[in-house]
Colleague: 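Here you go, one structure.
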Amino acid sequence: MSSFPLVAPFFPAGREPLPPGYTEEDRAQLNQAKKYQGWMTAGMESCAAKTVIAGIGGIGIGAFFSLMSASFAYEDPLLRERTQAGMNNTQKAREIFREMGRGMWRSGKGFGKVGSLFAGIECVIEGYRAKNDMVNPVAAGFVAGGVLARNSGPKAALGGGLAFAAFSAAIDLFLRRETPDED
């Protein structure tokens, strides 16, 4: 193959140069890894995968927040003593842990629902628009906020949409900000 100045080299498919340190015997293994990487990339870019991942992450975050705030659930020791009268310490601990678990599940479901709804809507909007800019999270926030507040009436749905859109814009502006150059 001859080289021409200012022309990119051309290699037949499957005969590209190998990375440094690899031999021709490693080519099949590299091609297999490249194929798996392509599958993983396609899976992670799918709206279904993004929605599921956001839902699972939301469940985890909601459960964590609930666990951290569980210590505030028992503010009145006298009320707790009356509700747990006649129980030994093991039964009391078991009941407290059950309550914490129920609270973690409730909070986790709520966060998971919001996260998966927002991520799914944003992914669909981004796929439709074929752009990744500030419009996507703001529009997704408006739609998700409206959907979450729909049972409270049209005024609440509009307010929920506007509030969620503003929150989404603020979070996205924070995440997209440029960090100062550190020398």
Colleague: With a 4.5 Å cut-off on side-chain heavy atoms, are Thr41 and Glu45 touching?
Modeller: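 Of all side-chain heavy-atom pairs linking Thr41 with Glu45, at least one is under 4.5 Å.
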
Colleague: What distance separates Cys123 SG from Tyr128 OH, expressed to the nearest 0.5 Å?
Modeller: 15.5 Å

Colleague: Could you walk me through whether Arg102 and Glu99 pass salt bridge (charged side-chain N to carboxylate O under 4.0 Å, His left out), step by step?
Modeller: CA-CA 5 Å; Arg102 284 191 292 266; Glu99 269 182 55; 5.1 Å; no

Colleague: Using side-chain heavy atoms (C-beta onward) and a distance below 4.5 Å, is Phe167 in contact with Leu162?
Modeller: no

Colleague: Under the 6.0 Å and 45° cation-pi test, does Arg176 pair with Phe174?
Modeller: no

Colleague: So, Asp26 side chain and Thr23 main chain: donor-acceptor pair closer than 3.5 Å or not?
Modeller: yes

Colleague: Closer than 3.5 angstrom, by distance alone: can the side chain of Ser168 be matched with the main-chain N or O of Val138 as a donor-acceptor pair?
Modeller: no

Colleague: Parallel, tilted or perpendicular: which fits the ring planes of Phe118 and Phe164, with parallel below 30° and perpendicular above 60°?
Modeller: parallel

Colleague: What pair of heavy atoms forms the shortest contact from Ala54 to Gly115, and how long is it?
Modeller: CB-O, 3.4 Å

Colleague: When rounded to the nearest 0.5 angstrom, what is the spacing between CE in Met100 and OG in Ser66?
Modeller: 8.0 Å

Colleague: Test Tyr36 against Asn31 for side chain to side chain contact (heavy atoms under 4.5 Å, CB included), laying out the working first.
Modeller: CA-CA 9 Å; Tyr36 289 147; Asn31 287 339; over 6 Å; no

Colleague: Quick one, Gln29 and Gln32 - any side-chain contact, counting heavy atoms below 4.5 Å?
Modeller: no

Colleague: First locate atom CG of Asn136, then atom CZ of Arg129, and finally report the distance between them rounded to the nearest 0.5 Å.
Modeller: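 Nearest 0.5 Å value for the CG-CZ distance: 5.0 Å.
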
Colleague: Applying side-chain contact (heavy atoms from CB on, under 4.5 Å) between Val143 and each of Ile121, Leu148, Leu117, report the one that passes.
Modeller: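 Among Ile121, Leu148, Leu117, the one that satisfies the side-chain contact (heavy atoms from CB on, under 4.5 Å) with Val143 is Ile121.
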
Colleague: Using modelled atom types and a 3.5 Å cut-off, is there a donor and acceptor pairing between side-chain atoms of Ser107 and backbone atoms of Gly103?
Modeller: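 No; judged by distance alone, with no hydrogens or angles, the pair does not exist.
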
Colleague: Check whether Gln91 reaches the backbone of Asn88 with its side chain - one donor and one acceptor, N or O, closer than 3.5 Å.
Modeller: yes

Colleague: Do other residues, nucleotides or ligands put more than 12 heavy atoms under 6.0 Å from the CE atom of Met40?
Modeller: no

